[in-house]
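For reference, the structure is listed below as structure tokens.
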Number of protein chains: 2
Amino acid sequence: MADSFEQWPADIAFGLLGDLIGYAIRRAQIGIYKDFDASVTGLTPPLFAALILIDANPGINQSRLGQVMGVNRAAMMALLDRLSALKLVRRVPSPSDKRANVLQLTALGQKCRAEASAEVRAHDARIARNLTTAELKTLRRLLKKF
Amino acid sequence: MADSFEQWPADIAFGLLGDLIGYAIRRAQIGIYKDFDASVTGLTPPLFAALILIDANPGINQSRLGQVMGVNRAAMMALLDRLSALKLVRRVPSPSDKRANVLQLTALGQKCRAEASAEVRAHDARIARNLTTAELKTLRRLLKKF
DNA sequence: TATTGTTATACTCTATAACTATA
DNA sequence: TATAGTTATAGAGTATAACAATA
């Protein structure tokens, strides 16, 4: 099939790329993202991550969430504007800091988070289907070293 | 520092995300991309990958390069238009197929590829500094299973 | 002075859909 | 019919630079 992604096609020379651990991680990621998009309806990976993090960290504000996700405040704004337009997330004025907003999931946001979580669990199990439990544990340990 | 990315902040609850191997790979990637951007001047990761692949695979055409990189033809066009505007890549009519273009690096493209390669090697060594040779070998083997 | 949220702006990455020339 | 390149268009993700309100 022309649209299936082949991780390391045998007929292609990768040159320096074949030596780079960063590129090996990137190639794994390409396939994982394609499976995520095909598996999870209506949410992108960053949107899903934001829903989980907001739910798991009551009282978190925009700037802190941006730091955690590795993006700056302006990028976080765009992401939250989208979640807000989808009626999944609410900005609530912080009681302790008049500059800040506290982020909360709406009832719809909770429902969406729960439904997407099931799809994402299935997706993650599918991409990891060729690894044993021990291999997954090793992989997780090694990835923490970056 | 407010601008340094912390991979798994201890004060943050990751909920389901902490169980997903796909998210563990994604978090490693975030830091790696930030280091790449800070290390390599003038080229993004996809642009650099394209330069290497074009150089290592003489006679490759646009569609095939897109397949290898995991993007469709239209996305490949945009990427090649940029490399072309930078005078790094040339489209040459294929002698064997009048529909196709063969991709070639210009002299400037060769120079840019060589200089960026040195920067990227240093970048890759830096991000992998906490892993042993054996660990890198294991990681590479496990990543191929996705 | 530093931080939070915000807006304006711009660039990169990627996709879909439709067209043309050729296979 | 199918494929290679192309164009138009759109949306997501991300960044910099500036500003007002608050800490």
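Here is the naming used below: chain letters follow the sequence lines, and residue numbers restart at 1 for every chain.
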| message | Whole angstroms only, please: what is the CZ-C1' distance between A/Phe48 and D/dA12? | response | 18 Å

| field | Nearest-nucleotide comparison on DNA chain D, the residue closer to the 5′ end among B/Gln62 and A/Leu47 | value | B/Gln62

| task | Would you classify B/Ala100 as touching base, sugar-phosphate or nothing, given that sugar-phosphate means primed atoms plus P, OP1 and OP2, and contacts are heavy atoms under 4.0 Å? | result | sugar-phosphate

N/O to N/O distances under 3.5 Å, protein versus nucleotides 18-23 of chain C:
unit_1 : atom_1 : unit_2  : atom_2 : d
C/dA23 : OP1    : B/Lys98 : N      : 2.9

| query | To the nearest Å, how far apart are A/Asp37 CG and D/dG11 P? | reply | 17 Å

| task | Give a yes or no on whether the backbone of B/Gln110 and the side-chain of B/Asp55 come within a donor-acceptor separation of less than 3.5 Å. | result | no

| query | So, A/Arg140 side chain and B/Asp19 main chain: donor-acceptor pair closer than 3.5 Å or not? | reply | yes

| task | Check the side chains of B/Gln67 and B/Arg64 for a donor-acceptor pair under 3.5 angstrom, ignoring hydrogens and angles. | result | yes

| said: Give me the atom names and distance for the closest heavy-atom approach of A/Tyr33 to A/Pro45. | reply: CE2-CG, 3.6 Å

| field | Heavy-atom donor-acceptor pair, A/Arg27 side chain to A/Gln7 backbone, under 3.5 Å | value | yes

| query | Shortest non-hydrogen contact from A/Ala50 to A/Leu83? | reply | CB-CD1, 3.8 Å

| remark: Note: A/Pro93 and A/Asn101 closest approach over all heavy atoms is CA-OD1, 4.1 Å

| remark: Rounded to whole Å, the CG-P distance (A/Asn72 to C/dT3) equals 15 Å

| D/dG13 OP1/OP2 closer than 4.0 Å to side-chain N/O of A/Thr44 | yes

| C/dG5 phosphate, OP1 or OP2, under 4.0 Å from A/Ser63 side-chain N/O | yes

| said: Output the rounded distance in Å from CG (A/Leu43) to P (D/dG11). | reply: 17 Å

| query | With distance as the sole test, does A/Lys145 use its side chain to make a donor-acceptor pair with the main-chain N or O of B/Glu135 at under 3.5 Å? | reply | no

| query | Can you hop from B/Leu139 to B/Trp8 via hydrophobic side chains spaced under 4.5 Å? | reply | no

| said: Show the nearest heavy-atom pair for residues A/Met69 and A/Ala49, with the distance to one decimal. | reply: CE-CB, 4.1 Å

| field | Any A/Arg64 side-chain nitrogen or oxygen under 4.0 Å from OP1 or OP2 of C/dT3 | value | no

| note | Checking D/dT14, D/dG5, C/dT14 against the side chain of B/Ala75 (C-beta onward), the nearest is C/dT14

| message | When you measure from the side-chain N and O atoms of A/Asn101 to the phosphate of C/dT6, is any distance below 4.0 Å, counting only OP1 and OP2? | response | yes

| request: Find the distance B/Met69:CE to C/dT12:P and express it as a whole number of Å. | output: 15 Å

| request: Can you sort out which residues in residues 24-32 of chain B have a heavy atom within less than 4.0 Å of DNA chain C? Ascending by number, please. | output: none

| request: Check each residue of residues 77-84 of chain B for a non-hydrogen atom within less than 4.0 Å of any atom in DNA chain C, then write out the ones that pass by number, or none. | output: B/Ala78, B/Arg82

| request: Look only at the side chain of A/Arg90 and the backbone of A/Gln104, and say whether a donor-acceptor pair between them is shorter than 3.5 Å. | output: no

| said: With rounding to the nearest 0.5 angstrom, report the OG to NE2 distance, A/Ser117 to A/His123. | reply: 12.0 Å

| field | Distance, rounded to the nearest Å, where A/Met76 contributes CE and C/dG5 contributes P | value | 10 Å

